[in-house]
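This report refers to the structure that appears directly beneath it.
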There are 2 protein chains.
Amino acid sequence: MRLTELGEFGLIGRITRIVNNEGEMRDVVVGIGDDAAVIRTHPGKLAVLTTDMLVEGVHFDLAYTPFESLGWKALAINVSDVAAMGGFPLYGIVSLALPKSWQVEDVELFYKGMKRCGERYHCKVIGGDTVRSNGQGFISVTVMGEVEEGCVARRKGAKVDDLIGITGRLGGARVGLEVLKSGHDRDRFPDSVNCFLEPRVRLKESQWLVKEVHVSSMIDISDGLSSEITHLCQQSGCGCRIWEDKIPVADETVHWVRQYEKKISNYLLGSGEEYELLFTLSKAQFEAWQHSHMNQKRPEITVIGEMTQKEKGICLVRNGETVPLVSEGWDHFVQ
Amino acid sequence: MRLTELGEFGLIGRITRIVNNEGEMRDVVVGIGDDAAVIRTHPGKLAVLTTDMLVEGVHFDLAYTPFESLGWKALAINVSDVAAMGGFPLYGIVSLALPKSWQVEDVELFYKGMKRCGERYHCKVIGGDTVRSNGQGFISVTVMGEVEEGCVARRKGAKVDDLIGITGRLGGARVGLEVLKSGHDRDRFPDSVNCFLEPRVRLKESQWLVKEVHVSSMIDISDGLSSEITHLCQQSGCGCRIWEDKIPVADETVHWVRQYEKKISNYLLGSGEEYELLFTLSKAQFEAWQHSHMNQKRPEITVIGEMTQKEKGICLVRNGETVPLVSEGWDHFVQ
């Protein structure tokens, strides 16, 4: 159905039916359908607020991105920002600028994906704005969450000699994107495709990192490892050494690189949209934590480097040789 | 300067210098420059969250809108939504999708306007996202505020026989837009032009309406009186009667209508982007309030109608005759 047939308020009604779940709305005093949402906050918690904008043709391509995955991703990348602060998400609001070509069913799928992601990470969609675009589609999602006092993990805070750790394995998102663009191989690289289309968020890991491991700084890898470690170093006033051979690689990435004779470093250092957490912790903390958790089930984390004095710069150790690490991250305006 | 010369992180640095004012940042634990903003909330207060998206060519036209006014307006319309809930704003976050044609100086002016609006209404800009657009410019602002328990003013809550009130005078925004589009008469209609470009927000009035007058429902007039009263009626399960001759008209609107022989009702019922507050209150409350405030300085409010039973419909009393009030509001998809 065309948006012009249903109209703005008809669309809002449909959206409300998709996202509303009265049972879960305990702390929502006013949800969708008023001038603003009103929610109860909790004593002893700080509020976390983050926003991300996705532009059709820049951040997503409908040729290979289903609307439902787009909805998941639009929320997930904000949830990941909250996780990177040591917080947990509570509420999401979304603004959509809809081109004429998008159908009512597309918008519904978008919201279904967002709702599914919200259920997974306990983040309720409580409002937003739907407007017309006379060009591309634009998506702006804002997430409000909470973080306990003393659990805030910033980009600054890393100290010289701290170890650098990472959750999960890298390379999947870039392989996923290349598979989707190529139009084949999809069945052989399902994890990579999923990693790109519907990234999982390291929310549980984040809570564990701030509460058990007591990380000294943290960031999520939305723009690639080389770019994000540069942010951490700059804001913490340190240099670093990343041991390239320690960077954990996703299995499918190894296969992809072998099959197409690609350079693996591009997939490890420059693969954006991974949404793994990159963090630092003191060596003493690392040892204490390792011993206390020896026999317990714990999230997969890997130590991939160490912080150094600022003067030593941001470096990569490759085949035993230390070379400058060039940030291969995304700059929206220079690309 | 072109955005491509400065780059994303150069731009973020400049923006941060414009909006940051450390002295005012008491409750901001983490501001611009991290994965998310972290802020302290206050016991006994509820959080208010609202968002609005502005699309170039749909919601604003750079042919007659200076970037600084655009910044003011982008924040003000969200502050108005918070006011319409009975709350006060605290923090704003803004996402911009920037076309190649926008210069660094344009973006700085945008932020300066937003900052000026934020200072006026005590709303601090604490974060956001800047991305590239390969088409038009898109602006998405989210404001977080607070409202005291018991002060939440919703769209629903109006009762049969409640009076309908309004702050300020209507018509200015539409005249302002027509003046700007015409390209002349600007000096003769300065209030109207300002009303359109940099709308003031009825924030003080809102606090007074929820705390002193105890309104039963409230909404801001962003889409025109006829549209907004329809929302109030639908959500409150009532009908209404608006007395057309009681609707307060801005002085310049009277002049404009006379000069160009326009139909004044279009300016009163269909003038969007006014950002006056439309509210309801019981007759008893109105009388009690009138007597207690007889000799005190108080905001300008005007009673323009009354709520009726749902079956009576949404009506306008024009020249003594009761006619159905047709909603002339904005539907983003049907226009």
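Both the backbone and the side chain of A/V38 come within contact range of chain B, each with at least one heavy atom under 4.5 Å from a heavy atom of that chain. Heavy atoms closer than 4.5 Å to chain B are found in the side chain of A/T142, but not in its backbone. For a residue to count as touching a neighbouring chain, one of its non-hydrogen atoms must lie under 4.5 Å from one of that chain's; by this rule B/I93 touches chain A with the side chain only. Contact annotation for A/V55: only side-chain heavy atoms (C-beta onward) come within less than 4.5 Å of a heavy atom of chain B.
The candidate with the highest count of non-hydrogen atom pairs below 4.5 Å against chain A, out of B/N134, B/T41, B/N78, is B/N134. Top candidate by heavy-atom pairs under 4.5 Å with chain B, chosen from A/R2, A/R154, A/R40, is A/R154. Comparing B/G44, B/A153, B/A37 by how many heavy-atom pairs each has under 4.5 Å with chain A, the most go to B/A37. Chosen from B/G145, B/A83, B/G135, the residue pairing most often with chain A at heavy-atom distances under 4.5 Å is B/G135. Chain A forms more heavy-atom pairs under 4.5 Å with one residue of B/T50, B/I39, B/V48 than with any other, namely B/I39. When each of A/D220, A/V147, A/V82 is scored by its heavy-atom pairs under 4.5 Å with chain B, the top score falls to A/D220. Between chain B and the options A/L46, A/T51, A/D34, heavy-atom pairs under 4.5 Å are most frequent for A/D34. Options A/S95, A/S80, A/A47, A/A97 differ in how many heavy-atom pairs under 4.5 Å they form with chain B, and the most are formed by A/A47.
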Give the C-alpha distance, both sets of side-chain angles, the deciding distance and a yes or no for salt bridge (charged side-chain N to carboxylate O under 4.0 Å, His left out) between B/R14 and B/E108. CA-CA 8 Å; B/R14 288 204 184 196; B/E108 288 185 312; 3.4 Å; yes
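The nearest pair of heavy atoms linking A/D27 to A/H42 is OD2-NE2, 3.0 Å. The minimum heavy-atom distance linking B/V210 with B/M218 is given by the pair CG1-CE, 4.0 Å. Of all heavy-atom pairs spanning A/G87 and A/S206, the tightest one is O-OG, 4.3 Å.
At a threshold of 4.0 Å, the pair A/E148-A/K45 does not count as salt-bridged, since none of the basic side-chain nitrogens sits closer than that to a carboxylate oxygen.
The side-chain hydrogen bond (donor to acceptor under 3.5 Å, both in side chains) check on B/E56 picks up nothing, with sequence neighbours excluded.
A distance-only check finds a donor-acceptor pair linking the side chain of B/E105 to the backbone of B/M1 [under 3.5 Å].
Other residues, nucleotides and ligands contribute only 12 or fewer heavy atoms inside 6.0 Å of the NZ atom of A/K156.
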